[in-house]
> 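The following block contains the structure, expressed as structure tokens.
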Amino acid sequence: MTDAQQFHVNEVSPSYWKVTFSNGPINLIDVDTVEQLAALVDRVEQAPDLTVVVFQSANPDFFMAHFDFLADGARVAAMKPGPTGLHPYSDNLVRLSKVPAVTISAIKGRARGAGSEFALATDIRFAGLQAILGQFEVGVGAVPGGNPTGRLSRLVGRGRAMEILLGADDFTAELAVEYGYVNRVLPEGELDDFVDAFARRIAGFDKVAVAETKALIDASAPIPDGEFGTALSAYFRTAGRPENEHRVQRLFELGLQKPDGIELDLGKQVAQTN
């Protein structure tokens, strides 16, 4: 793990934390992110009074862009399983969704691929009006690895999950809320205050009542942990195949992983790399 801290925790009170993500010019998710998130989930699980956690971004244009295409594949493959027995990437998403505290994503800017999968692992998603969400992996020849197949099919229904995942396009905040991808959309200038007030409201309630209510909601529509292992295995099997190298190469030529250019409309661009 590097010394660069990506998750900055503000313990507003014993029952309410704000966590701000910051990693480079577009908030890429990389191997360090996976390791640091695992440590953060440990902290959340062990905090005796913690009732609600808000996740936000330091970058107004990118909540979490996507996984780093230039990440060290050997290092990713060599990572030891987490407490669930799953690869740490999947382990983080499963454990984050099951922490006793309520987790809220306050989404400004873009949340695609692994960034979308992170948001889907949180309990509640509020978005700014300019937010963009999407799962573009099929557009570069890969199966999404963080089980948005399972989460979205339960969240928005099979047909809309098919549209989101197989279309591999960007979804505006307004369309995302219509589909149920996010809970609510607010003007950018109102998002922070709304989320803070909502989080403080929950933080003032009894932790046992909040945690047990969350657990009952989850039990009504359970997602087996094994789905996440299957999804990540499918991603590892399909990502980086030689027949799709031209797609990713073309995206890099057009400015992939840079703060301007195609990252602003990646959903449109992946359909033009055939």
> Under a 3.5 Å distance rule, please check whether Thr238 uses its side chain to pair with a backbone N or O of Val143 as donor and acceptor.
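A pair under 3.5 Å: yes.
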
> Hey, what do you get for CD1 (Ile104) to CD1 (Ile202), rounding to the nearest 0.5 Å?
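Output value for this atom pair is 4.5 Å.
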
> Between Arg184 (side chain only) and Ala127 (backbone N and O only), is there a donor and an acceptor less than 3.5 Å apart?
no

> If we count only N and O atoms by modelled type, under 3.5 Å, do the side chains of Gln257 and Asp68 hold a donor and an acceptor together?
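The criterion, which ignores hydrogens and geometry beyond distance, is satisfied for Asp68 and Gln257.
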
> Less than 4.5 Å apart, side chain to side chain, heavy atoms only: is that true for Glu174 and Glu178?
no

> If we ignore hydrogens and angles and just use 3.5 Å, is the side chain of Glu188 paired with the main-chain N or O of Gln130 as donor and acceptor?
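Yes; at least one donor-acceptor contact below 3.5 Å.
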
> Taking the side chain from Asp206 and the backbone from Ala209, do they hold a donor-acceptor pair closer than 3.5 Å?
yes

> Are side-chain heavy atoms of Leu152 and Arg160 found at a separation under 4.5 Å?
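Of all side-chain heavy-atom pairs linking Arg160 with Leu152, none is under 4.5 Å.
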
> Find the distance between CD (Glu117) and CE (Met64) and round it off to the nearest 0.5 Å.
11.5 Å

> For a 4.5 angstrom cut-off between non-hydrogen side-chain atoms, does Ser105 reach Phe63?
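With C-beta onward as the side chain, the pair touches.
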
> Can you see which heavy atom on Asp169 is nearest to which on Gly267, and at what distance?
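Of all heavy-atom pairs spanning Asp169 and Gly267, the closest is OD1-C, 3.4 Å.
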
> From Ile132 CD1 over to Leu175 CG, what is the distance, rounded to the nearest 0.5 angstrom?
10.0 Å

> Testing the basics here: between Pro224 and Pro222, what is the closest heavy-atom pair and its distance to 0.1 Å?
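Smallest heavy-atom distance, with atoms named: CD-O, 3.8 Å.
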
> Would Leu232 and Leu86 count as a side chain to side chain contact (heavy atoms under 4.5 Å, CB included) if you check the C-alpha gap in whole Å, the side-chain angles of each, and the deciding distance to 0.1 Å?
CA-CA 9 Å; Leu232 193 59; Leu86 297 168; over 6 Å; no

> May I ask you to decide if the ring planes of Phe194 and Phe198 are parallel, tilted or perpendicular, using 30° and 60° as cut-offs?
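Rings of Phe194 and Phe198: parallel, under 30°.
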
> Is the closest side-chain heavy-atom distance between Leu165 and Pro144 below 4.5 Å?
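Counting from C-beta outward, Leu165 and Pro144 do come under 4.5 Å.
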
> For Asn59 and Ser57, does a side-chain donor sit closer than 3.5 Å to a side-chain acceptor?
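Side-chain D/A pair, Asn59 to Ser57: absent.
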
> Would you say Asp225 and Thr84 are linked by a side-chain donor-acceptor pair, where the criterion is simply a distance under 3.5 Å?
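Side-chain D/A pair, Thr84 to Asp225: absent.
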
> Answer yes if Phe21 and Val31 sit in the same cluster of Ile, Leu, Val, Met, Phe, Trp and Tyr residues linked by side chain heavy atoms under 4.5 Å apart, and no otherwise.
yes

> To the nearest 0.5 Å, how far apart are CD in Glu137 and CZ in Arg112?
11.0 Å

> Just verifying a value: how many Å separate Ser22 OG and Phe62 CZ, rounded to the nearest 0.5 Å?
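The CZ atom of Phe62 is 13.0 Å from OG of Ser22, to the nearest 0.5 Å.
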
> Main chain of Asp192, side chain of Asp196: is a donor-acceptor contact present, judged purely on distance under 3.5 Å?
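No: the side chain of Asp196 does not pair with the backbone of Asp192.
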
> Please say whether more than 12 non-hydrogen atoms of neighbouring residues, nucleotides or ligands are located less than 6.0 Å from CD in Gln272.
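Yes, because the 6.0 Å sphere around CD of Gln272 holds more than 12 heavy atoms from other groups.
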
> Assess whether side chain to side chain donor-acceptor pair (under 3.5 Å) is satisfied between Asn27 and Gln6, documenting all intermediate values.
CA-CA 9 Å; Asn27 273 0; Gln6 298 180 11; over 6 Å; no

> Would one find more than 12 heavy atoms of other residues, nucleotides or ligands at under 6.0 Å from atom CZ of Arg158?
no

> Would you indicate whether the side-chain heavy atoms of Asn10 and Thr20 approach each other to under 4.5 Å?
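No. Closest side-chain heavy atoms not under 4.5 Å.
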
> Could you check whether any side-chain N or O of Arg75 sits under 3.5 Å from a backbone N or O of Ala71, counting only pairs where one atom can act as donor and the other as acceptor?
no

> Go through the steps for Arg154 and Glu227 under the test salt bridge (Lys or Arg N to Asp or Glu O under 4.0 Å), then give the verdict.
CA-CA 13 Å; Arg154 292 169 172 87; Glu227 282 190 12; 2.8 Å; yes

> Considering only NZ, NE, NH1 and NH2 on the basic side and carboxylate oxygens on the acidic side, decide whether Arg250 and Glu253 come within less than 4.0 Å.
yes

> Measuring from atom CD of Gln249 to atom CZ of Phe69, what distance do you get when rounded to the nearest 0.5 angstrom?
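The distance works out to 13.5 Å.
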
> As a quick check of understanding, evaluate side chain to side chain donor-acceptor pair (under 3.5 Å) for Glu263 and His66, giving each step before the final call.
CA-CA 10 Å; Glu263 286 288 355; His66 50 73; 2.7 Å; yes

> In the structure I gave you, are the side-chain heavy atoms of Arg43 and Trp17 within less than 4.5 Å of one another anywhere?
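They are in contact (side-chain heavy atoms under 4.5 Å apart), so the answer is yes.
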
> Over 60° means perpendicular and under 30° means parallel, so tell me whether Phe55 and Phe7 are parallel, tilted or perpendicular.
perpendicular

> Between Tyr89 and Val76, is a side chain to side chain contact (heavy atoms under 4.5 Å, CB included) present by the stated rule, with each step listed?
CA-CA 9 Å; Tyr89 179 76; Val76 173; over 6 Å; no

> Can you name the closest pair of heavy atoms from Ser116 and Gly134 and give their distance?
CB-O, 3.5 Å

> Stepwise, does the salt bridge (Lys or Arg N to Asp or Glu O under 4.0 Å) test hold for Lys214 with Asp123?
CA-CA 9 Å; Lys214 171 179 170 174; Asp123 299 318; 2.9 Å; yes

> Give the cluster check for Phe118 versus Tyr181: same hydrophobic cluster or not, with ILVMFWY residues linked at side-chain heavy-atom distances below 4.5 Å.
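Linked, Phe118 and Tyr181 end up in one cluster.
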
> Considering all heavy atoms of both residues, which atom of Val52 and which atom of Ala203 are nearest to each other, and what is their separation?
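That would be CG1-CB, 3.7 Å.
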
> Answer yes or no: is there a side-chain heavy-atom contact under 4.5 Å between Glu35 and Leu37?
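No, side chains not in contact.
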
> Hey, quick one: are Leu155 and Val177 part of the same hydrophobic cluster, counting side-chain heavy atoms closer than 4.5 Å, chains of contacts allowed?
yes

> Which pair of heavy atoms, one from Gly85 and one from Pro81, lies closest together, and at what distance?
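Reported closest heavy-atom pair: O-CB, 3.6 Å.
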
> Determine whether Ile29 and Leu40 fall in the same hydrophobic cluster, where Ile, Leu, Val, Met, Phe, Trp and Tyr are linked whenever their side-chain heavy atoms lie under 4.5 Å apart.
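Ile29 and Leu40: one cluster.
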
> Do Tyr16 and Glu11 pair up side chain to side chain, a donor and an acceptor below 3.5 Å, judged on atom types alone?
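Short answer, no.
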
> Any donor and acceptor pair, going by atom type alone, linking the side chain of Asp30 with main-chain N or O of Thr33 inside 3.5 Å?
yes

> Any side-chain heavy-atom pair from Thr103 and Ile124 closer than 4.5 angstrom?
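Sidechains of Ile124 and Thr103: no contact.
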
> Give the intermediate values and the outcome of salt bridge (Lys or Arg N to Asp or Glu O under 4.0 Å) for residues Arg95 and Glu45.
CA-CA 9 Å; Arg95 291 172 60 214; Glu45 288 176 336; 2.9 Å; yes

> Is the centre of the Phe236 ring less than 6.0 Å from the centre of the His87 ring?
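Yes, the ring of Phe236 comes within the 6.0 Å limit of the ring of His87, centre to centre.
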
> Hydrophobic cluster membership, with links at side-chain heavy-atom distances under 4.5 Å among I/L/V/M/F/W/Y: are Leu186 and Val182 in one?
no

> Donor-acceptor pair, distance only, cut-off 3.5 Å: does the side chain of Asn183 make one with the backbone of Arg125?
yes

> Show your reasoning for whether side chain to side chain contact (heavy atoms under 4.5 Å, CB included) applies to Arg247 and Leu251.
CA-CA 6 Å; Arg247 301 177 190 272; Leu251 292 175; 5.6 Å; no

> Leu133 and Ala176: which non-hydrogen atoms are nearest, and at how many Å?
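Taking Leu133 first and Ala176 second, the nearest heavy atoms are CD1-CB, 4.1 Å.
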
> Go through the steps for Lys108 and Gln56 under the test side chain to side chain contact (heavy atoms under 4.5 Å, CB included), then give the verdict.
CA-CA 8 Å; Lys108 293 180 182 177; Gln56 59 189 14; over 6 Å; no

